[in-house]
Amino acid sequence: MDFKNFKLPYTADEKYSQKVAYFSMEFALEQVLKIYSGGLGFLAGSHMRSAYNLKQDLIGIGILWKYGYYDQNRNHDQTLQPAWTKKMYSFLKDTGIKFQIDIHSSPVWVKALYLDPEIFHTAPMFFLTTDVPENDHVSKTISHKLYDANESTKVAQYILLGKGGAQLLEELNANREVYHLNEAHGLPAAFHLLKKFEGNMRKVREKMVFTTHTPEEAGNEKHPLRLCHEMSYFSGLEIEEVKEIMGSNEDVFDHSLCALKMSRIANGVSQLHGEVAREMWSKYPGICEIKSITNAQDFKYWSDKKLYNAKDENDHTSFDYRKKTLKNRLFKIVADQTGNLLDPEVFTIVWARRFAGYKRADLLLQDKERFAKLLNNEKHPVQIIWAGKPYPMDYSSISTFNTLVEESNRYTNMAVLTGYELSLSKSLKQGSDVWLNNPRVPREASGTSGMSAAMNGTINLSTDDGWIPEFAKHGENAFVVPKADYENLDTYQQDQYDMNALYELLENEILPLYYDNKDEWRKIQQTAMDDVKKQFSSDRMADEYYELLYKNS
């Protein structure tokens, strides 16, 4: 393949002929390629697979993280131990392309590797690395750890993704009409274009589109403006010029605000998140329109085919047998990690996603007495599994993980697993009866893990946030905590309300239904499988990006 004159390796569908470059810090494409941390990567991975399914003219651009996010190991007492292990990938092709970009006013060498679409059935993808012999040690470390804790390194990573990705497209001679930023990490691409277009912001905006995933202004990335300038983030633009673009005289650079100012159009990742984002950013003049495109997951990748076949053939015996088989597979993993033998006949709850404070992994444990009663219920026995990766420097979330581990020592029907990557994620979604999702409303922009759970006959039990209001019909395809007047509740009151509501749903509706009315339970499972397939397949999402964001209207 001639990488100096790159052509799409398949014929693009005419419907999707607009040429797009998709920039993301992380992609969850396959278990073996560990360049992701959580939901953002899972979403980007499904997007790349759907771009391939639909034969869209789209190229993915990311970073080849030498040590990935981290490997989730255990200390001798089972508590969390982060480890960084060098990753090796023989299936990535060296393009032979090396070029330099300025980072901290110094030239840094960047090398590009290629992932062929046929390997994992994705759009063609390029991954950048600075871990090459020509660079000094500090420059090499830019592409070592995803979301490095060092602030300067993190800013350098954004420059590598954005500026490096934009320059790679020029090296490939692959003109792209649209630059899609999945979160604001790749924003230096816009400043690279601004320099290329000699300060013509209109031309930059014609190319840039932006997806925001953060429903709180405080949660959006901000760094000292001077630091970003010193790191060569702005491709030669002076600080006063950057302030003019932001419309602010503050000495803090707001990445998302600037992305909204420099893009033609943007989107939130659920209908609710779109509303929250529009309200949140509306006080700033000059931002682009923010639409809503609800996240989704790749149906072909995540769904269990045998379960769907049994459902479609109305074969209840095969359906129930298949679900038990999937539970048994998961329980072998649980036994291997924890020594606990779980029972496929017993109702099984799973809470599994990135550990973060607002996701409230330990919400049910806020009432220890009620939790003990739930797990010691002889009439309606319960098993519960947690899994997820805290950010290795988020000591509060690590403490939550470790507290759950300690609590699990009291119960043979409770387990906490490590290594929440694609393979384990799929097993957890296949082997659970209920997918527990209890973020503080409205903190969860989308929360896509419940979609792929529903694709495996698992029923969502959730607070009414993210994608859930678009999907859930209480008692028909999911169970939903009724919304309270959250604006007038403090954090403690909100947590108490949601916890009590979850327990009431479990004790009074869900457990009696699971054990005493198997036919009705199966009906809810299958309704969820039908509904999620129709509305929340990433082929629908990838199509909407072309229709609503990429096409100039």
**Report entry** Verdict with supporting geometry, Asp131 and Lys140, salt bridge (Lys or Arg N to Asp or Glu O under 4.0 Å)
**Finding:** CA-CA 4 Å; Asp131 191 21; Lys140 286 178 181 178; 5.0 Å; no

**Report entry** salt bridge (charged side-chain N to carboxylate O under 4.0 Å, His left out) partners of Lys145, counting only residues at least two apart
**Finding:** none

**Report entry** Nearest-0.5 Å distance, CG of residue Leu436 to CG of residue Leu363
**Finding:** 8.0 Å

Report summary line: Shortest non-hydrogen pair, Leu272 vs Asp465, comes out as CD2-OD1, 3.4 Å

Query raised in the report: Do Arg353 and Ser449 have a side chain donor and acceptor closer than 3.5 Å?
Result: yes

Query raised in the report: If you look only at pairs with a residue in residues 192-204, which of them pass as a side-chain hydrogen bond (donor to acceptor under 3.5 Å, both in side chains), with sequence neighbours excluded?
Result: Glu170-His192, Arg202-Glu206

**Report entry** Side-chain donor-acceptor pair present, Ser50, Asp539, cut-off under 3.5 Å
**Finding:** yes

Query raised in the report: Looking only at side chains, do Asn437 and Ser462 share a donor and an acceptor under 3.5 Å apart?
Result: yes

Query - Output field: ring centroids His223/Phe253 closer than 6.0 Å - result: no

Query raised in the report: Is the centre of the Phe23 ring less than 6.0 Å from the centre of the Tyr179 ring?
Result: yes

Query raised in the report: Counting only heavy atoms not in Glu547, do more than 12 fall under 6.0 Å of its CD?
Result: yes

Query raised in the report: With no hydrogens and no angle check, do the side chains of Lys111 and Thr129 hold a donor and an acceptor under 3.5 Å apart?
Result: no

Query raised in the report: Out of Phe27, Phe210, Tyr22, which residue meets the side-chain contact (heavy atoms from CB on, under 4.5 Å) rule with Asn182?
Result: Tyr22

Query raised in the report: What distance separates Leu128 CG from Leu161 CG, expressed to the nearest 0.5 Å?
Result: 7.0 Å

Query raised in the report: Between the side chain of Tyr16 and the main-chain N/O of Leu54, is any donor-acceptor distance below 3.5 Å?
Result: no

Report task. Please lay out, stage by stage, how Glu421 and Lys389 fare under the test salt bridge (Lys or Arg N to Asp or Glu O under 4.0 Å). Result -> CA-CA 9 Å; Glu421 293 164 356; Lys389 278 187 163 184; 3.0 Å; yes

Requested in this report: Kindly indicate whether a cation-pi arrangement holds for Lys426 with Tyr301, taking the cut-offs as under 6.0 Å to the six-membered ring centre and within 45° of the axis.
Outcome: yes

**Report entry** Close aromatic pair by centroid cut-off 6.0 Å: Phe91 and Phe120
**Finding:** yes

Report task. Inspect the surroundings of CD in Glu241 and state if more than 12 heavy atoms from other residues, nucleotides or ligands are less than 6.0 Å away. Result -> yes

Query raised in the report: Quick one: do the Ser256 and Asn220 side chains pair a donor with an acceptor below 3.5 Å?
Result: yes

Query raised in the report: Any donor and acceptor pair, going by atom type alone, linking the side chain of Gln167 with main-chain N or O of Phe99 inside 3.5 Å?
Result: no

Query raised in the report: Within 45° of the axis and under 6.0 Å from the centre of the six-membered ring of Trp65, does NZ or CZ of Lys87 qualify?
Result: no

Report task. Can you see which heavy atom on Asp57 is nearest to which on Ser17, and at what distance? Result -> OD2-O, 3.9 Å

Query raised in the report: NZ of Lys34 to CG of Leu422: how many Å apart, nearest 0.5 Å?
Result: 10.0 Å

Query raised in the report: Quick check, are the ring centers of His255 and Tyr233 under 6.0 angstrom apart?
Result: yes

Query - Polar side chain donor-acceptor pair, Asp498 to Tyr486, under 3.5 angstrom - result: yes

Query raised in the report: With a 3.5 Å cut-off and no angle check, do the side chains of Ser425 and Tyr420 form a donor-acceptor pair?
Result: yes

Query raised in the report: How many angstroms lie between CH2 in Trp281 and CG in Leu257, if you round to the nearest 0.5 Å?
Result: 5.5 Å

Query - Minimum side-chain heavy-atom gap Ile245-Leu194 below 4.5 Å - result: yes

Query raised in the report: Between Asn402 and Ser399, does any side-chain donor sit less than 3.5 Å from a side-chain acceptor?
Result: no

Requested in this report: Establish, from distance only, whether the side-chain atoms of Thr448 and Gln297 form a donor-acceptor pair under 3.5 Å.
Outcome: yes

Report task. Could you verify whether a donor N or O on one side chain and an acceptor N or O on the other, from Tyr550 and His180, lie under 3.5 Å apart? Result -> yes

Query raised in the report: Roughly how far, to the nearest 0.5 Å, is the CD atom of Glu26 from the CG atom of Leu43?
Result: 9.5 Å

Query raised in the report: Do Glu183 and Thr214 get their side chains close enough for a donor-acceptor pair, meaning under 3.5 Å?
Result: yes

Query raised in the report: Would Ser270 and Thr294 count as having a side-chain donor-acceptor pair, cut-off 3.5 Å?
Result: no

Query raised in the report: Without hydrogens or angle criteria, can the side chains of Asn267 and Thr211 be said to hold a donor-acceptor pair below 3.5 Å?
Result: yes

Query raised in the report: With distance as the sole criterion, is a donor-acceptor pair present between the side chains of Asp94 and Tyr114 under 3.5 Å?
Result: no

